[in-house]
Amino acid sequence: MKTTIRILTIIFLLLTIQNLSARCAVPTDSVHHIEPGKIIVNDKPGLQVFCHKAKSKYLLYIWKTITMNLDIKRDTYDLYDGKTPQEVFEKHSNNQGFWRFNFFNTKKQKSFQLDPFQTTCIGVYISEYEGLRYTMSMTQTRADIWKILMAVIGIVLFWFAKRLSHNPLFYYLCGISLGVTASCMILIYFAGKLFPRGKFMYLMLATGWTMSFYVAQMLWENTQFILLQYRDYVMWYILITSVISFLICYRFGPVTNARTKQIIQWFLQGLGLISIYYSSYFYEASFLSCVVLVLLYNFPIAVIYKGKRYWRNMFPERRKLLTDDQYRKEAIQETNKALQDLQHYCCSPECNPWKTILKLKDPIRFAKFMEGDSHLSEEELKEHDAEITRIIEDYEYTDDDDDDDDSF
């Protein structure tokens, strides 16, 4: 028992020393810092790490994306990702020391979309070749159209989820899409039944997850080729499965249960919020957008206006005093507005013209006013001008007296 414990302790210490040595063994000449618009040319074999430093988060760059582009003519290379160069070198050393299936390696990507607000490193490993040369560049997009479109779709899906859940057309479209997808899954299930039993089946079970992932990836990468090569078969398959799905949906009819519609609405709103959240690498801002959208949906703008009105009634603003010029301008504006309202009222069906005329002392003058003449007569205008002149003279006279008093 003691011997076993000693052996396990020695193995643990050896593994720890190996990991520490792997972390410390990071050659500085193999690490390159890259920025948008910069191109790095490499002609050295081995593992080369390209790192992008995280940028500060601003709302102006909420839909900002950066892309790292690898320009290489060979496909015999390995890719590793990590947040630090040490992590990339650890993945490389582990992959070299043990046989394991590398998910990132099977993609053979040449374009990588990175989070601009997080430090990211991409490692490229190539064995020794003569005339080796490749370039790594980085491009920046301040407003990614796909990210914006994703956010818009999420907002529309969340805001109109209730209408969509009650719309029969949306019901049939979702049913047809689900039917086509389910038919593909059924085909895959029956294709699995065709594999022979026995030793080959055990081998498939032993490596089934790796082979399934590999086959699924190969199908995804060659989707365009399959669609072009077998275009007629794909179109007929989609058409037939769509018709069958439509007939099944038509047989059962649209959803009528109120609770089922409510569940569909919640599901659509959840999809909309997820789409908004993942529409930006600035996850704090996207989460805040989801919160604001939920508040606006549950508490409309009318409620906000009522709250503002109640606040103003409870705590009214202090009224500012008007100057003489402001008082005269406001008096003229309000008088003209009142006269126009009087003309509109007298011309409306609500006014009885005969009763109005009986109450007036000068109906002819009122008739002229309704035809567009001034509401003041010539004598009243003369008296008004004389009164204004007298007020101005009195004002000037009092100013002169004040100046004489100041001189003494």
**Q** With ring-ring contact (aromatic ring centres under 6.0 Å, His included) as the rule and sequence neighbours excluded, what pairs involving residues 149-172 come up?
**A**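 Qualifying pairs: Phe158-Tyr297, Trp159-Tyr297, Tyr172-Phe246.
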**Q** Tell me whether Thr119 contacts the main-chain N or O of Ala54 through its side chain, where contact means a donor paired with an acceptor under 3.5 Å.
**A**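 Side chain of Thr119 to backbone of Ala54: a pair is present.
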**Q** Sequence neighbours left out, what pairs pass disulfide (SG to SG under 2.5 Å) with at least one residue falling in residues 39-87?
**A**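 Passing the test, one end in residues 39-87: Cys51-Cys121.
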**Q** Is any side-chain N of the basic residue among Lys337 and Glu330 closer than 4.0 Å to the acidic one's carboxylate O?
**A**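 So Lys337 does not pair with Glu330 through a salt bridge.
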**Q** Kindly write out the residues that satisfy ring pair (Phe, Tyr, Trp, His ring centres under 6.0 Å) with Tyr277, not counting sequence neighbours, or none if the list is empty.
**A**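 Ring pair (Phe, Tyr, Trp, His ring centres under 6.0 Å) list for Tyr277, sorted by chain: Tyr283.
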**Q** Check for a donor-acceptor pair, side chain of Ser137 on one end and backbone N or O of Thr135 on the other, with a separation under 3.5 Å.
**A**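 Side chain of Ser137 to backbone of Thr135, a donor-acceptor pair under 3.5 Å: no, none is there.
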**Q** Roughly how far apart are Ile274 CD1 and Ser286 OG, rounded to 0.5 Å?
**A**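 It is 12.0 Å, given to the nearest 0.5 Å.
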**Q** Out of curiosity, Ser279 OG to Ile153 CD1, how far, rounded to the nearest 0.5 Å?
**A**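 Reported value, rounded in 0.5 Å steps: 10.5 Å.
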**Q** Any side-chain donor-acceptor pair under 3.5 Å between Gln140 and Tyr61?
**A**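 Gln140 vs Tyr61: no donor-acceptor pair found between side chains.
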**Q** With heavy-atom distances below 4.5 Å as the criterion, would you say the side chains of Gln113 and Asp144 are in contact?
**A**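 Gln113 reaches Asp144 side chain to side chain.
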**Q** Any pair with a residue in residues 252-273 that passes salt bridge (Lys or Arg N to Asp or Glu O under 4.0 Å), sequence neighbours left out, goes on the list, sorted by first then second residue, please.
**A**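 Those involving residues 252-273 do not exist here.
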**Q** Please find the pair of heavy atoms, one from Thr335 and one from Ala331, that lie closest to each other, and give the distance.
**A**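 Shortest heavy-atom separation between Thr335 and Ala331 comes out as OG1-O, 2.6 Å.
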**Q** For residues Lys147 and Tyr278, report the shortest heavy-atom separation together with the two atoms involved.
**A**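 Closest pair (atom of Lys147, atom of Tyr278, distance): NZ-O, 3.8 Å.
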**Q** Kindly say whether Met138 contributes a backbone atom to a donor-acceptor pair with the side chain of Lys38 at under 3.5 angstrom?
**A**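 Checking the backbone N and O of Met138 against the side chain of Lys38, no donor-acceptor pair under 3.5 Å is found.
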**Q** Determine whether a donor-acceptor pair (N or O, by modelled atom type, separation under 3.5 Å) exists between the side chain of Asn167 and the backbone of Arg163.
**A**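 Side chain of Asn167 to backbone of Arg163, a donor-acceptor pair under 3.5 Å: no, none is there.
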**Q** Under the salt bridge (Lys or Arg N to Asp or Glu O under 4.0 Å) rule, what pairs show up with a residue in residues 272-295, not counting sequence neighbours?
**A**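 Listed by first then second residue: Lys57-Glu284.
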**Q** Does any non-hydrogen side-chain atom of Ile72 lie less than 4.5 Å from one of Ile126?
**A**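 Contact flag for Ile126/Ile72 side chains = yes.
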**Q** Report yes if the side chains of Ser289 and Leu293 come closer than 4.5 Å at any heavy-atom pair, otherwise no.
**A**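 They are not in contact (no side-chain heavy atoms under 4.5 Å apart), so the answer is no.
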**Q** Please give me the minimum heavy-atom distance between Cys249 and Gly175, naming the atom from each residue.
**A**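 Closest heavy-atom pair between Cys249 and Gly175: SG-CA, 3.6 Å.
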**Q** Report, as yes or no, whether the 6.0 Å neighbourhood of atom CG on Leu247 holds more than 12 heavy atoms from other residues, nucleotides or ligands.
**A**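 Yes, enclosed.
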**Q** Using the side chain to side chain contact (heavy atoms under 4.5 Å, CB included) rule, take Lys110 and Tyr77 through it: C-alpha gap first, then chi angles, then the decisive distance, then the call.
**A** CA-CA 11 Å; Lys110 293 186 179 180; Tyr77 60 90; 3.4 Å; yes
**Q** Under a 4.5 Å cut-off applied to non-hydrogen side-chain atoms, are Ile276 and Ile155 in contact?
**A**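 Yes, their side chains come closer than 4.5 Å.
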**Q** Where do Val180 and Ile238 come nearest, in terms of heavy atoms and distance?
**A**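 Residues Val180 and Ile238, closest heavy atoms: CG2-O, 4.4 Å.
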**Q** Run the numbers on Tyr80 and Tyr125 for ring pair (Phe, Tyr, Trp, His ring centres under 6.0 Å), then give the verdict.
**A** CA-CA 8 Å; Tyr80 307 92; Tyr125 175 77; 7.3 Å; no
**Q** Between Phe117 and Phe282, is the gap from one ring center to the other below 6.0 Å?
**A**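 Yes, ring centres under 6.0 Å apart.
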**Q** Of all the heavy-atom pairs spanning Met68 and Met136, show the shortest one and how long it is.
**A**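 Looking at all heavy atoms of both residues, the closest pair is CG-SD, 3.2 Å.
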**Q** Between Val88 and Gly123, what is the shortest heavy-atom contact and its length?
**A**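 Looks like CG1-CA, 3.8 Å.
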**Q** Whether the side chain of Ser93 engages the backbone of Glu90 through a donor-acceptor N/O pair (distance < 3.5 Å, no angle test) should be reported.
**A**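 Answer holds: yes.
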**Q** Could you tell me whether the side chain of Trp146 reaches within less than 4.5 Å of the side chain of Thr65, counting heavy atoms only?
**A**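 No - every pair of side-chain heavy atoms lies 4.5 Å or more apart.
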**Q** Rounded to the nearest 0.5 Å, how far apart are OG1 of Thr241 and CG of Leu239?
**A**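 Spacing of OG1 (Thr241) from CG (Leu239) equals 8.0 Å.
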**Q** Hey, what's the ring geometry for Tyr134 with Phe50, parallel, tilted or perpendicular (30° and 60° as the breaks)?
**A**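 Correct class here is perpendicular.
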**Q** From Phe267 CZ over to Ser165 OG, what is the distance, rounded to the nearest 0.5 angstrom?
**A**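 If we round to the nearest 0.5 Å, Phe267:CZ and Ser165:OG are 13.0 Å apart.
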**Q** Under the side chain to side chain contact (heavy atoms under 4.5 Å, CB included) rule, what do Tyr345 and Glu350 come out as? Steps first, then yes or no, please.
**A** CA-CA 7 Å; Tyr345 173 76; Glu350 298 177 358; 4.1 Å; yes
**Q** Determine whether His32 and Gln48 make a side-chain contact, defined as any pair of heavy atoms from C-beta on separated by less than 4.5 Å.
**A**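 Yes, side chains in contact.
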**Q** Quick one: does Ser177's side chain have a donor or acceptor within less than 3.5 Å of a partner on Cys174's backbone?
**A**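 Not at all, since once roles are kept as given, no pair shorter than 3.5 Å links the two residues.
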**Q** Just by modelled atom types, is the Ile62 backbone N or O under 3.5 Å from a matching donor or acceptor in the Ser280 side chain?
**A**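 Between the backbone of Ile62 and the side chain of Ser280 there is a qualifying donor-acceptor contact (under 3.5 Å).
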**Q** Hey, could you give me each pair passing salt bridge (Lys or Arg N to Asp or Glu O under 4.0 Å) that has a residue in residues 114-125? Not counting sequence neighbours.
**A**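 Residue pairs with at least one partner in residues 114-125: there are none.
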**Q** Run the numbers on Ser111 and Asn69 for side chain to side chain contact (heavy atoms under 4.5 Å, CB included), then give the verdict.
**A** CA-CA 5 Å; Ser111 180; Asn69 304 299; 3.4 Å; yes
**Q** At what distance, to the nearest 0.5 angstrom, does CG of Leu114 lie from OG1 of Thr67?
**A**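 Those atoms lie 7.5 Å apart.
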**Q** For the CG atom of Leu79 and the NZ atom of Lys91, what is their distance to the nearest 0.5 Å?
**A**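 That separation rounds to 11.5 Å.
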